[in-house]
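Order of the sequence lines fixes the chain letters, A, B, ..., with proteins taken first and strands second; residue numbering starts at 1 for each chain. Basis for what follows: all heavy atoms, side chains included, without hydrogens, waters or symmetry-related copies.
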Number of protein chains: 2
Amino acid sequence: MRKKTSSEQTAAPVEAGQAAPVTDDRVRRSKAAVLAVTADLLFERGYSGVSVDEIARRSGVAKTTIYRHWPNRADLLRDACAHVGTPLTTPDLGSLRGDLTALMADFSQMLTTARWTSVLPSIIDAGERDAEMAEMYRRLQQGYSAPFETVIRRGMARGELPAETDVPALVAALTGPLFYRRWFSREPLTEGFVREIIRIALG
Amino acid sequence: MRKKTSSEQTAAPVEAGQAAPVTDDRVRRSKAAVLAVTADLLFERGYSGVSVDEIARRSGVAKTTIYRHWPNRADLLRDACAHVGTPLTTPDLGSLRGDLTALMADFSQMLTTARWTSVLPSIIDAGERDAEMAEMYRRLQQGYSAPFETVIRRGMARGELPAETDVPALVAALTGPLFYRRWFSREPLTEGFVREIIRIALG
DNA sequence: ATGCTACGATACGGTATCGTAGCATAAATG
DNA sequence: CATTTATGCTACGATACCGTATCGTAGCAT
């Protein structure tokens, strides 16, 4: 019966039937609104440019209420960062090269279009000085390397790669250049570039 | 006759003999002290954590004087960032693989030990929202990719690489994985990893 | 002696920010 | 209807920060 707001990000996994909602529906609404606006502000201004006052103004949720749900600014921002990002789908097309081509295209597409990628240096920087933030980021990062490991291991199982392949190194060889282009050299992430990286990595 | 302070960073190129020092020696001293302390603070707290008041406190240079030399905080920080970093030496050992091995070792060594690398995400983040900062960073970045391009082109000239080699892509394939490990996956940057990356990139 | 240049010390105006207190209000629950 | 719960609103206190203004001084050259 309850109208689900667009995001279920903050919901803890709930046993299906017997509800007994420990938190009011209003809570979920407030939290969702706050998290959404926080993410927007993160994209616009980066981690250190986001203020709680501005979140309150823009979300329509009173600052008081925000502090009723998060103990402080850092926790709120970490929470928002944790739900940033869109998951990669893991392809399964039968061949290593096919899977990697699809995955790399997906990934580079995300790097170039998704708004939230602009805030990643900000998050990493925060993690450079905040252990909890670093841990949060680590989980985020793993979500993106996991599909690569999966398709690589499948390729190994099919004998398309030698059994002694260094998987983390291969993941680095594939995704590293994309990160590099996006944030360090700032050259365009073209389709041709991605193809070239795959060619180099797989021979 | 003038006693040179440790750093000549801020000095404009000066015609050798007839001096006529447009800036006092005191100026050089103040600026050097301020830039040094600013760099330290950048390493500790990142771009947005540095305040002019703190720079003044720690350097012993009055805030007034700081604002006599830089128009505002952003310019000061950009100036400090521009002089951060240590240059790579370009090896010339006669073979592509030898040059790249030396260069990559040098580079990964720097990524893991140099204090200033911890502030790079901060700089990049600032660049996401500040054009001048982005331009400053671009020059910094080019200083590090240039040696790679040089040794690769020399290798091409020697016929160790096909003439149609995509140089920027190869640079990305080599350095990207190092960046990736240092900032994104945070796995250790071991010698074995570097060797593996070279093997993948050169076959 | 007289400038000139650069600097230091202090204080200030104005703004932004975090996090909290007090009180009123709307809605769900019994 | 009464009670509990979650929220809204306004106003603070405290701190930090930017950038400037004012006044006084030290060193050096003429």
Side-chain angles (χ1 to χ4, degrees), chain A residues 1-3 5 10-11 18-38 41-42 44-80 122 126 129-130, chain B residues 1-3 5 10-11 18-38 41-42 44-80 126 129-130 133:
Chain A
M1 182 53 71
R2 37 177 259 263
K3 180 175 116 224
T5 54
T10 67
Q18 20 66 323
V22 36
T23 56
D24 198 314
D25 205 32
R26 290 171 286 175
V27 176
R28 254 186 303 276
R29 261 220 276 272
S30 294
K31 292 183 88 167
V34 167
L35 285 175
V37 167
T38 304
L41 281 170
L42 273 171
E44 289 177 26
R45 313 187 181 177
Y47 182 87
S48 55
V50 177
S51 77
V52 180
D53 287 279
E54 181 66 20
I55 296 172
R57 259 192 299 275
R58 204 182 282 196
S59 68
V61 176
K63 197 166 57 149
T64 332
T65 302
I66 297 177
Y67 279 102
R68 285 182 186 118
H69 291 317
W70 291 273
N72 52 53
R73 173 183 177 277
D75 275 46
L76 167 56
L77 262 70
R78 197 166 347 107
D79 200 359
S122 201
R129 270 165 291 277
D130 173 351
Chain B
M1 183 51 70
R2 39 176 258 261
K3 180 173 116 225
T5 53
T10 65
Q18 22 66 321
V22 35
T23 56
D24 199 313
D25 204 35
R26 290 170 288 174
V27 176
R28 255 186 304 275
R29 260 220 276 273
S30 294
K31 291 183 89 166
V34 167
L35 285 175
V37 166
T38 304
L41 282 170
L42 273 171
E44 288 176 26
R45 313 188 181 176
Y47 182 87
S48 56
V50 177
S51 78
V52 180
D53 286 282
E54 181 65 20
I55 295 172
R57 260 192 298 277
R58 204 182 280 197
S59 67
V61 175
K63 199 165 56 150
T64 329
T65 301
I66 296 177
Y67 279 102
R68 285 183 186 117
H69 292 317
W70 290 274
N72 52 53
R73 172 183 177 277
D75 275 47
L76 167 55
L77 262 70
R78 197 165 348 107
D79 200 359
R129 272 165 289 277
D130 173 352
M133 194 69 179

## Note on the structure
B:Ala56 meets the side-chain contact (heavy atoms from CB on, under 4.5 Å) criterion, sequence neighbours left out, with B:Lys63, B:Ile66
### Task
Please report the closest heavy-atom contact between B:Leu42 and A:Arg129, naming both atoms and the distance.
O-NH1, 4.2 Å
### Message
Checking B:Ser48 now: which residues fulfil side-chain contact (heavy atoms from CB on, under 4.5 Å) with it, not counting sequence neighbours?
### Response
A:Ser48
### Task
Just jot down the side chain to side chain donor-acceptor pair (under 3.5 Å) partners of A:Asp75, sequence neighbours excluded, or say none.
A:Arg78
### Task
Treat a base pair as Watson-Crick or G-U wobble with both distances under 3.5 Å, then lay out DNA chain D in dot-bracket form, 5' to 3', with | for cross-strand pairs.
||||||||||||||||||||||||||||||
### Query
When every nucleotide of nucleotides 14-30 of chain D is labelled 5' to 3' by its protein contacts under 4.0 Å (heavy atoms), B for base, S for sugar-phosphate only, - for none, what sequence of letters results?
---SBBBB---------
### Task
Using whole Å, report how far NE2 of A:His69 lies from C1' of D:dT7.
8 Å
### Query
Going through the checks in order, is the side-chain contact (heavy atoms from CB on, under 4.5 Å) test met by B:Arg58 and B:Leu41?
CA-CA 9 Å; B:Arg58 204 182 280 197; B:Leu41 282 170; 3.4 Å; yes
### Message
Under the rule for salt bridge (Lys or Arg N to Asp or Glu O under 4.0 Å), what residues qualify as partners of A:Arg45, not counting sequence neighbours?
### Response
A:Glu54
### Message
Applying side-chain contact (heavy atoms from CB on, under 4.5 Å) to B:Leu76 and B:Val50, what does each step give before you reach the verdict?
### Response
CA-CA 11 Å; B:Leu76 167 55; B:Val50 177; over 6 Å; no
### Task
Could you tell me whether a side-chain N or O of A:Ser122 sits under 3.5 Å from a main-chain N or O of A:Gly46, the two making a donor and an acceptor?
no
